[in-house]
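Following: one structure in structure tokens, then a few remarks.
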Amino acid sequence: MTSESGAIRFENGSPVVPDKPTLLYIKGDGIGPEITEAALRVIDAAVAKAYAGSKSINWLEVPAGISAEKEHGSRFPESSSNMVKEYRILLKGPLETPVGTGIRSINVHIRMLLDLYANVRPVKYVQGIESPLRNPQNVDLVVFRENTDDIYRGIEWQYDSKQAAKVRELIRSFGIEIEDDTGIGIKPIGRQKTERVARMAIRYAIERKRRSVTIMHKGNIMKYTEGAFKEWVYALALREFRSSIVTEDELNKAYEGKMPEGKILLNDRIADNMLQQLVTRPESYDVILAPNLNGDYVSDEAGALIGDIGIIGSENLGDSGAMFEAAHGTAPKYAGLNVANPTGIINAGALMLDYMGWNEAAASIRSAIDTAMKNKTVTQDIARYMSIEPVGTKEYADALISIISK
Ligand code: NAP
């Protein structure tokens, strides 16, 4: 039985959503406050229209970023961590991560706090946007990026630190020469972390009837990290999803290159080759499964393929929590000017509604975005390629709300 209001709970890895749940949001830095405000208004309008008042969201702001530092003396105070741990679902505006200082990324901190081990980014071409590709309509990808392992764990030491000197000594004790001016970074990739994200990606492909899952790796060079990632994914797929999966090897040997109906092709590609093939023939790729760093690169490349990273939403998923955000950052040069495109975080809101099972509201948001594009009601990042007058961030959100509310 679902309760009327309060936090979303989890049962066996699935959210149990009350009709009037409390959800967290972070405004973010730079353009964050403007686009987040636009997103909350659009999401509320979609929920109100779809459920005529029987469902609604009680939004609770989590202090974070530059404004929290001014008010609370920290970019992510303890009280914010506690709110995230209690409510576990949040919509997040982009947050600045200063380069070359000791401040750890709050994005990474929240992912770790809720153990959000998969970053999922659907990237599909939207008619009307200027793409660098000749056939951008062939781009329909979903990137699953492992979110908690790999070099993002931040195990690294500056070249002149005591720790780096110690690690260099250890390396030399294995008979390997290493120069004294060498900084050290460690790249851990574990089996359990690989398997849980692989399980999620393959399950997604099966449920959504996708064509293929491609493992992106550089296992020819990093044999025991990225190479192991590839091997562990194949082993898991054959162990747990045997009846749904055909490997590329099997396709060629047992099926003469013709995919049997209703099955999903599992293959792998070396990262550098794959990055260029995504540009030359994106139709060869569908669901992409990658370790953390490769996943970071390929997610942004996928955004570039459809011409505008400003419109992409992404979700960070775990077994008992989720964070939804735009794929882009704080775009500081546009902060406070009412020109930023809020579509990325609005699409993230649609992913959040799908996650909650409020699919009707999610669908009405996506349909309103399509209609606005057809009407050429777009912000400057898109208008500049169409040689038309743009609308502002706020006016764009108003236009979506009026389409949704009709
Ligand atoms: P960025 O903020 O994504 O901005 C890069 C460029 O992309 C902008 O100058 C703008 O380019 C365009 N752009 C991005 N979002 C847009 C939008 N919504 N509307 C219109 N144009 C948009 O990347 P960055 O400059 O590398 O990063 C800035 C800060 O954001 C850094 O502190 C970084 O750490 C942080 N960041 C945070 C997240 C996150 O919170 N998840 C993610 C990435 C980066 P044009 O010049 O083409 O108009």
Side-chain angles (χ1 to χ4, degrees), residues 25-39 42 62 64-69 75-76 80 84 90-114 116 119-121 123 126 129-132 143 145 147 152 154 292-293 295-304 306-316 322-349 351 369 372-373 378-386 390-397 400:
Y25 72 98
I26 287 175
K27 277 189 193 156
D29 301 322
I31 58 171
E34 302 156 67
I35 60 169
T36 307
E37 201 221 271
V42 171
V62 181
I66 296 169
S67 60
E69 190 167 42
R75 289 202 185 200
F76 204 69
S80 296
V84 168
L90 75 158
L91 182 72
K92 189 186 73 60
L95 289 163
E96 179 194 81
T97 306
V99 178
T101 74
I103 297 179
R104 191 164 180 229
S105 159
I106 299 169
N107 305 311
V108 175
H109 176 71
I110 297 173
R111 287 175 198 161
M112 297 287 175
L113 208 61
L114 295 178
L116 306 177
N119 180 268
V120 186
R121 193 179 288 193
V123 180
V126 177
I129 292 185
E130 181 99 358
S131 155
V143 179
R145 166 188 175 193
N147 229 359
Y152 281 72
N292 212 334
L293 181 62
D296 194 6
Y297 295 149
V298 76
S299 298
D300 268 34
E301 184 189 19
I306 63 162
D308 195 305
I309 196 170
I311 67 166
I312 298 171
S314 82
E315 50 191 336
N316 296 277
M323 175 171 80
F324 301 84
E325 60 184 337
H328 60 76
T330 61
K333 70 178 183 187
Y334 294 138
L337 301 179
N338 191 40
V339 297
N341 188 348
T343 309
I345 190 162
I346 293 172
N347 269 324
L351 289 170
I369 292 170
M373 183 65 71
V378 292
T379 44
Q380 59 84 29
D381 52 314
I382 297 175
R384 64 188 164 183
Y385 298 114
M386 296 175 158
V391 293
T393 310
K394 189 178 163 304
E395 293 69 29
Y396 175 73
L400 294 184

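Both ligands and their constituent atoms are indexed starting at 1 by order of listing.
Here CG of Asp308 is found 4.5 Å from CG of Asp381. Values are rounded to the nearest 0.5 Å.
Residues passing the salt bridge (charged side-chain N to carboxylate O under 4.0 Å, His left out) test with Asp296 are Arg145, sequence neighbours excluded.
Closest heavy-atom contact between Thr379 and Val339: CB-O, 3.9 Å.
Listed by chain and number, residues touching ligand 1 at under 4.0 Å (heavy atoms only) are Ile31, Lys92, Pro94, Leu95, Glu96, Thr97, Asn107, Glu325, His328, Gly329, Thr330, Ala331, Lys333, Tyr334, Ala340, Asn341, Asp381, Arg384.
Between the side chains of Tyr152 and Ser105, no donor-acceptor pair of N or O atoms lies under 3.5 Å.
In summary, of the residues considered (Asn341, Ile31, Ile311), a side chain to side chain contact (heavy atoms under 4.5 Å, CB included) with His328 occurs for Ile31 alone.
Formation of a donor-acceptor pair under 3.5 Å by the Asn119 side chain with backbone atoms of Asn147 is not found in this model.
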